[in-house]
Amino acid sequence: MTLLARLASDVQLMFRRPPRQQYGAICYRVKKKSGDVEVLLMTSRDTGRWVIPKGWPMNGKCAHEVAAQEALEEAGVRGSAEAETLGSYTYPKVLRDGVQVICKVQVYALEVTELAKNFKEKGERTIEWVSCDEAASRVREPELRNLFLAFKREMTDRLSVKPAKQIPAE
């Protein structure tokens with residue numbers, strides 16, 4: 001590597017920003033009759049691509065609480081968000097001023113217990129409940145696709161674990 005190329009590389013690294021942090025939720029429900037797991041997908045407001053609810057950090061809220069708040073505001077779902085992350089993915093976001101930044105989204109599982117009739121972004125997005133496989137096929141980000149597939153495996157394991165049989169006392 002020439003001295004000029006090394007200097008150019010160093011200058012480029014100096015001005016590169018770390019990814020912007022966001023928090024998101026894979027919102028899910030288990031169908032009572034079939035036991036099938038469905039996840040929520042929604043369209044983004046700007047490009048119409050399939051995404052999960054996500055947003056910027058909020059003062060005084062833990063990451064999983066932010067994910068739950070965004071799920072309510074963007075998709076009208078309430079539930080219990082797990083405190084442990086499922087993983088993360090990155091995507092390019094164009095800000096209002098036209099600047100493109102890389103965002104890193106920490107993702108949390110949120111079991112949906114209630115659908116709100118009215119919510120902040122109602123009518124601004126299309127919302128659909130789909131299988132994990134269908135969600136993986138619709139999203140553009142490969143890392144998010146992998147999170148859906150890993151979540152499917154985790155839920156299959158969780159739902160297949162049956163309570164231990166009670167051994168009668170003698």
Side-chain angles (χ1 to χ4, degrees), residues 19-93 102-166:
R20 305 271 180 103
Q21 185 67 60
Q22 289 189 315
Y23 304 113
I26 290 182
C27 304
Y28 73 96
R29 64 186 183 188
V30 180
K31 294 174 88 175
K32 287 181 182 161
K33 287 185 179 180
S34 65
D36 293 340
V37 174
E38 291 183 317
V39 292
L40 181 141
L41 280 184
M42 61 184 201
T43 54
S44 66
R45 290 186 296 181
D46 52 354
T47 64
R49 73 188 192 287
W50 291 105
V51 297
I52 61 172
K54 63 187 170 302
W56 305 107
M58 297 176 188
N59 287 333
K61 287 194 186 274
C62 297
H64 69 282
E65 294 170 328
V66 171
Q69 180 68 36
E70 292 298 332
L72 176 59
E73 290 178 8
E74 295 180 357
V77 295
R78 286 188 179 93
S80 174
E82 295 177 12
E84 190 175 323
T85 183
L86 292 171
S88 63
Y89 72 97
T90 55
Y91 77 100
K93 178 172 184 68
I102 298 298
C103 291
K104 181 178 182 179
V105 184
Q106 267 181 241
V107 180
Y108 298 86
L110 184 142
E111 184 173 11
V112 174
T113 56
E114 185 183 341
L115 303 175
K117 288 183 181 173
N118 293 305
F119 53 96
K120 190 173 180 179
E121 297 182 16
K122 184 176 183 175
E124 296 180 30
R125 305 169 182 274
T126 300
I127 297 169
E128 287 188 26
W129 289 96
V130 298
S131 69
C132 289
D133 289 332
E134 179 64 22
S137 74
R138 287 191 190 185
V139 297
R140 290 186 190 165
E141 299 82 5
E143 295 163 307
L144 181 54
R145 185 175 299 131
N146 291 338
L147 283 175
F148 275 117
L149 297 175
F151 182 70
K152 175 187 173 186
R153 288 189 299 274
E154 181 179 320
M155 289 304 294
T156 300
D157 291 346
R158 275 192 206 179
L159 296 173
S160 68
V161 173
K162 294 180 181 156
K165 288 186 179 180
Q166 293 286 332

- Message: Testing the basics here: between Q106 and S88, what is the closest heavy-atom pair and its distance to 0.1 Å?
- Response: CA-CB, 4.1 Å

- Message: Once rounded to the nearest 0.5 Å, what's the spacing between atom CD of E73 and atom CZ of F119?
- Response: 11.0 Å

- Strictly by modelled atom types, are D46 and S44 linked by a side-chain donor-acceptor pair under 3.5 Å? yes

- Query: So, the side chain of T43 versus the backbone of T126: is there a donor-acceptor pair under 3.5 Å, distance only?
  - Reply: yes

- Message: Show, in sequence, the C-alpha distance, side-chain angles and deciding distance for R138 and E128, and conclude whether the side-chain contact (heavy atoms from CB on, under 4.5 Å) test is met.
- Response: CA-CA 11 Å; R138 287 191 190 185; E128 287 188 26; 2.9 Å; yes

- Query: Looking only at atom types and distance, does a side-chain atom of R145 sit under 3.5 Å from a main-chain N or O of V139, one as donor and one as acceptor?
  - Reply: yes

- Message: Closer than 3.5 angstrom, by distance alone: can the side chain of E82 be matched with the main-chain N or O of A109 as a donor-acceptor pair?
- Response: no

- Message: For the CD atom of Q22 and the NZ atom of K93, what is their distance to the nearest 0.5 Å?
- Response: 6.0 Å

- Query: Given the rule in the side-chain contact (heavy atoms from CB on, under 4.5 Å) test, do V77 and L115 qualify, once you have shown the distances and angles that lead to the verdict?
  - Reply: CA-CA 5 Å; V77 295; L115 303 175; 3.6 Å; yes

- Is E111 paired with R158 through a side-chain N to carboxylate O contact shorter than 4.0 Å? no

- Message: Taking salt bridge (Lys or Arg N to Asp or Glu O under 4.0 Å) as the criterion, tell me which of D157, D36, D133 meets it with K152.
- Response: D133

- Out of curiosity, E74 CD to Q69 CD, how far, rounded to the nearest 0.5 Å? 10.0 Å

- Go through the steps for E70 and K54 under the test salt bridge (Lys or Arg N to Asp or Glu O under 4.0 Å), then give the verdict. CA-CA 6 Å; E70 292 298 332; K54 63 187 170 302; over 6 Å; no

- Task: Would you sort out whether E141 and R49 count as a salt bridge (Lys or Arg N to Asp or Glu O under 4.0 Å), showing the intermediate values?
- Result: CA-CA 10 Å; E141 299 82 5; R49 73 188 192 287; 3.3 Å; yes

- Which atom names give the shortest non-hydrogen contact between L147 and G87, and what distance separates them? CD2-CA, 3.9 Å

- Query: Within a strict 4.5 Å, meaning less than it, do heavy atoms of the V112 and L40 side chains meet?
  - Reply: no

- Task: Mind listing the closest non-hydrogen atom pair of P19 and C103 along with its distance?
- Result: CB-C, 4.5 Å

- Message: Counting C-beta onward and ignoring hydrogens, is there a side-chain heavy-atom pair between F151 and V37 closer than 4.5 Å?
- Response: yes

- Query: Without hydrogens or angle criteria, can the side chains of Y23 and Q21 be said to hold a donor-acceptor pair below 3.5 Å?
  - Reply: no

- Here the gap from Y28 atom OH to L110 atom CG, rounded to the nearest 0.5 Å, amounts to 8.0 Å

- Query: Quick one: CZ on R140 to OG1 on T47, what's the gap to the nearest 0.5 Å?
  - Reply: 5.0 Å

- Which heavy-atom pair separates A135 from V39 by the least distance, and what is that distance? CB-CG2, 3.6 Å

- Task: Might you work through the side-chain contact (heavy atoms from CB on, under 4.5 Å) test for F148 and V107, ending with a clear yes or no?
- Result: CA-CA 10 Å; F148 275 117; V107 180; over 6 Å; no

- What heavy-atom pair brings Y108 and A67 nearest, and what distance separates the two atoms? CD1-CB, 4.2 Å

- Note on the structure: Closest non-hydrogen atoms of A81 and A68, given as atom of the first, atom of the second and distance, are CB-CB, 4.2 Å

